Amino acid sequence: VEAATIVKEKTGEDLKLGTDLNVLCGDCNEEARKVIQQLKKDSEKEKIAVLAFIDPYTFTNIKWDLWVELCSLKFVDIIFTFPIQTIERGYKQCKEIDKYLSPSIVNLLKNYKEIGRVPEDKFEEAYASDITALVYRSIHHYKVGVRAKSFDNREIYRTILFSHCKPAV
């Protein structure tokens, strides 16, 4: 089933594939870089706001340097599902952990030796700190997010929101 067909069924919008909607296949880091470069070109002509939804299957799907490029966009909001459980399962086997995780997360994992000993909010705070350091302007980290847990109450992932906009009061 085409993505445009699903959108039309759900919303009534008649989107055209290739005009209104594009489906990109390939390495998500490479494809996202292409989109970011195009957005940078387009934003020279007009103001563009970007909403990036990043939902990796595992922590090695998204390279840290992609965050650097994404945060170079002028107006970007990011919804990120932080894959706690896959980090827990795979960080000790990963030979290039600093290629995928932020510097502060890598340091936390080295200092605590076991992921279960890291205080729950330290992950999110460390990631937020590193994301904030990437941007040349203020970016706001919203601490209220969804925490998904397994049947035995172990955290699987949490959503993290970063925005260039201050919260509405």
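Everything quoted here is computed from the prediction, not taken from an experiment. Along the sequence shown, residues carry numbers from 1.
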Residues that F80 engages under ring pair (Phe, Tyr, Trp, His ring centres under 6.0 Å), provided they are two or more places apart: W67, F82, Y127

Looking at side-chain heavy atoms only, is the closest gap between C28 and I62 below 4.5 Å? yes

With sequence neighbours left out, write down each residue that passes side-chain contact (heavy atoms from CB on, under 4.5 Å) with R33, or none if nothing qualifies. N29, D65, L66, E69

Same apolar cluster: Y57 and Y91, side chain cutoff 4.5 Å: no

If I take atom CG from residue L51 and atom CD1 from residue I79, how far apart are they, to the nearest 0.5 angstrom? 4.5 Å

So, for A126 and S102, which heavy atoms are closest and what is the spacing to 0.1 Å? O-OG, 4.4 Å

From the list L39, I48, L70, side-chain contact (heavy atoms from CB on, under 4.5 Å) with V76 holds only for L70

Any chance you could lay out the side-chain contact (heavy atoms from CB on, under 4.5 Å) test for L101 and L109, step after step, and finish with the verdict? CA-CA 10 Å; L101 296 175; L109 293 173; 3.8 Å; yes

Could you state the interatomic distance from OG (S72) to NZ (K40), rounded to the nearest 0.5 Å? 3.0 Å

Could you check whether any side-chain heavy atom of P56 comes within less than 4.5 Å of a side-chain heavy atom of I54, counting everything from C-beta outward? yes

With a 4.5 Å limit on heavy-atom distance, are the side chains of L73 and S43 in contact? no

Spacing of I105 atom CD1 and I87 atom CD1 [to the nearest 0.5 Å]: 6.5 Å

Take a 6.0 Å sphere around OH of Y112 and say whether it holds more than 12 heavy atoms from other residues, nucleotides or ligands. yes

Is there a donor-acceptor contact under 3.5 Å from the side chain of N61 to the main chain of T58? yes

Between T60 and K99, a side-chain donor and acceptor under 3.5 Å: no

To the nearest 0.5 angstrom, please state how far the SG atom of C94 sits from the CZ atom of R89. 13.5 Å

Can you check whether E46 reaches D42 side chain to side chain, under 4.5 Å on heavy atoms? no

Using 0.5 Å steps for rounding, measure from the NZ atom of K63 to the CD atom of E96. 8.5 Å

Between D27 and E31, is a side-chain contact (heavy atoms from CB on, under 4.5 Å) present by the stated rule, with each step listed? CA-CA 6 Å; D27 179 284; E31 295 302 320; 5.9 Å; no

Could you give me the CA-CA distance, side-chain angles and deciding distance for W64 and D130, then say whether side-chain contact (heavy atoms from CB on, under 4.5 Å) is met? CA-CA 10 Å; W64 178 248; D130 288 338; 3.7 Å; yes

Mind checking side-chain contact (heavy atoms from CB on, under 4.5 Å) for S129 and listing every partner two or more places apart, or none if nothing turns up? none

So with a 6.0 Å cut-off around NZ of K92, is the heavy-atom count from everything else above 12? yes

